[in-house]
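Structure record follows, encoded as structure tokens.
What you are looking at is a predicted structure, and each value in this text was computed from that prediction instead of being measured. Both counts, for ligands and for their atoms, begin at 1 and track the order of listing.
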Amino acid sequence: MTDKNRIIIFDTTLRDGEQSPGASMTLNEKIRVAEMLETLGVDVIEAGFAIASNGDFNAISQVSKLLKKTSVCSLARASHKDIKRAWEAIQHAVKPRIHTFIATSPLHMEYKLNMPPETVLEKIADSVSYARNLCDDVEWSCEDGTRSKLEFLYRAIEIAIKSGASTINVPDTVGYTTPEEYKALLENIIQNVPNSDQAIFSSHCHNDLGLAVANSLAAVEGGARQVECTVNGIGERAGNAALEEIVMALRTRSDVMPYTTGVTSEYLTQASHLVTSVTGLAVQNNKAIVGKNAFAHESGIHQDGMLKHSETYEIMTPASVGLKKTNLVMGKHSGRHAFMEKLKELGFDLADNEFTAAFNSFKNLADVKKDIYDEDLISIVGGNMKDSDYFKVVGWDFICKKNIQNSATLNMIIDGEEKQVFSEGNGPVDAAFKALISLVEGAPILQLYQVHAVTEGTDAQAEVTVRLEENGEIVTGHAADVDTLAASAKAYANALNKLLMQREKKFL
Ligand SMILES: [Zn+2]
């Protein structure tokens with residue numbers, strides 16, 4: 001890194017983000033998000049936790065093989081087994097990175113690890129040098145760093161750097177620190193660790209007190225040159241620092257924070273929509289940068305000022321985050337070429353077969369819906385991602401009449417085989433869900449069923465979210481269709497696919 005004010009954006013949407021309740025993603029969804037992140041221009045993608053499950057391993061491995069310029073990273077605990085598995089997953093990446101960690105706070109060392117501090121130091125030397133023998137790029141994290149004792153942290157970091165770590169991440173694992181405190185922590189570490197000039201320091205902040213972005217920016221002021229974050233700020237508990245907020249704060253206030261990133265901010269809106277679409281986790285309307293109202297000026301005084309001069313109330317333009325005034329793009333007569341150009345503009349670069357499938361879906365939609373918007377296209381690409389899913393709904397027949405038994409017949413492709421399922425129920429949605437649940441063992445509980453329109457108009461696609469709970473674990477299914485009942489069945493099937501993945505994950 002030649003520019004000392006260039007901030008490395010380390011995105012962990014696919015690892016820490018995926019750990020949010022209900023955010024689990026299928027293989028194809030992860031691939032699509034990773035491609036979007038590469039288009040966006042993030043520097044490092046943490047694609048998962050290789051040892052957690054075969055699903056995680058495959059996703060990291062596929063993403064590694066696919067991406068052309070972005071560094072791909074897997075998380076690993078401080079054991080040879082974890083680290084070896086991480087390396088196997090990332091070895092084909094253009095720029096592989098192993099990210100290994102161990103807790104350094106008294107609380108975590110005593111109660112979680114059950115290890116005396118000296119043993120933790122030995123573990124650090126052992127795990128980092130083992131990782132460094134496999135991979136040139138090793139990041140080391142002191143879990144619960146902000147609640148660790150300073151003197152111990154200095155020693156731990158010095159050992160990690162000596163053993164070969166070139167990035168040192170100091171996480172605020174529990175979202176406890178404040179901007180001033182975190183800035184001082186980074187400054188102290190850089191000043192007091194004798195070999196600190198041989199590593200890049202990194203922030204990793206959680207939003208339990210709503211301070212994740214402020215803390216991350218403070219860390220940069222304190223000397224950190226890598227920021228770990230997620231799209232829409234998704235993540236454990238209250239989430240991680242939001243990528244879009246960090247990028248736009250640095251861009252908008254470069255006068256007081258003279259730092260740059262490699263992110264093309266014009267893709268932020270699309271990235272946000274995609275992550276919402278695959279996780280089913282909607283952002284609130286008033287969310288900074290990507291919320292529905294982030295650029296809406298409602299009051300008369302504001303609207304009047306905006307008409308006279310947009311800078312009266314606007315500190316950044318909607319275009320700078322990729323939000324267009326009107327995004328009406330296509331209709332029935334749009335051709336393949338226009339469709340391809342539009343997908344590229346939205347950040348999607350599909351393989352030939354995926355493109356053909358998406359184009360066919362687009363034509364089908366255009367037959368029943370006059371105006372096709374960006375949101376429609378994003379949901380089409382999202383829908384086509386589900387092609388390789390275990391359960392897939394391909395046809396439907398609903399009976400919904402007053403005073404007769406309602407029912408649903410669904411034509412499915414299950415693991416490549418055609419099958420029909422049927423059930424009666426209290427209304428067609430209940431019938432469809434009963435038919436689908438008969439396909440799995442156990443009885444996950446339906447926690448949420450939500451329908452909203454992708455765009456305006458009565459011909460709009462219905463976007464359905466289904467949340468299932470099993471033994472405290474939550475999965476969220478998501479699908480869109482102009483037919484609300486079909487969207488409901490597909491969303492439930494998507495949730496079942498994620499439930500199967502979740503069952504496979506080992507407890508960490
Ligand atoms: Zn975290």
Side-chain angles (χ1 to χ4, degrees), residues 8-25 30 33 37 42-52 56 59-60 72-78 82 86 97-105 107-109 112-113 139-148 153 156-157 160 165 167-179 181-182 185-186 200-220 224 226-246 275 279 281 474 505 507-508:
I8 296 166
I9 297 292
F10 177 112
D11 179 280
T12 182
T13 306
L14 296 176
R15 202 277 302 166
D16 219 336
E18 210 217 4
Q19 281 173 228
S20 349
S24 49
M25 301 172 219
K30 285 189 179 176
V33 171
L37 291 170
V42 310
D43 302 284
V44 186
I45 293 174
E46 187 162 60
F49 203 153
I51 204 152
D56 261 42
I60 301 166
V72 180
C73 162
S74 169
L75 190 63
R77 289 169 299 190
D82 268 47
R97 172 183 290 191
I98 294 173
H99 178 193
T100 182
F101 72 97
I102 196 164
T104 49
S105 66
L107 206 61
H108 277 230
M109 289 191 289
K112 197 181 86 170
L113 298 175
E139 169 170 340
W140 179 76
S141 282
C142 40
E143 192 189 6
D144 206 17
T146 50
R147 293 193 300 176
S148 303
L153 210 49
I157 292 171
T167 302
I168 300 294
N169 182 40
V170 186
D172 184 27
T173 308
V174 291
Y176 180 70
T177 197
T178 65
E181 184 186 76
Y182 200 43
L185 176 63
L186 267 297
I200 288 171
F201 287 83
S202 166
S203 74
H204 179 107
C205 296
H206 279 269
N207 208 30
D208 297 69
L209 295 172
L211 292 171
V213 170
N215 287 338
S216 305
L217 294 173
V220 169
Q226 172 176 289
V227 173
E228 303 197 354
C229 48
T230 61
V231 174
N232 294 344
I234 64 170
E236 290 263 24
R237 305 183 310 278
N240 287 57
L243 181 150
E244 61 279 1
E245 293 177 20
I246 287 162
V275 169
T279 59
L281 299 178
I474 294 166
K505 283 208 183 196
F507 181 71
L508 284 169

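Panel note: side chain Ser20, backbone Gly235; a donor-acceptor pair is recorded below 3.5 Å. Formation of a donor-acceptor pair under 3.5 Å by the Asn240 side chain with backbone atoms of His206 is not found in this model. Distance alone, capped at 3.5 Å, places no donor-acceptor pair between the Glu46 side chain and the Leu14 backbone.
Taking Gln19 as the reference, Arg15, Glu236 meet the side chain to side chain donor-acceptor pair (under 3.5 Å) condition, with sequence neighbours excluded. Under the side-chain contact (heavy atoms from CB on, under 4.5 Å) criterion, Asp144 pairs with Ser105, His108, Arg147, Thr173, Val174, sequence neighbours left out. For Thr279, there are no side chain to side chain donor-acceptor pair (under 3.5 Å) partners two or more places apart in sequence or in a different chain.
Near the Zn ion (ligand 1), less than 2.8 Å away, sit the protein N, O or S atoms Asp16 OD2, His204 NE2, His206 NE2.
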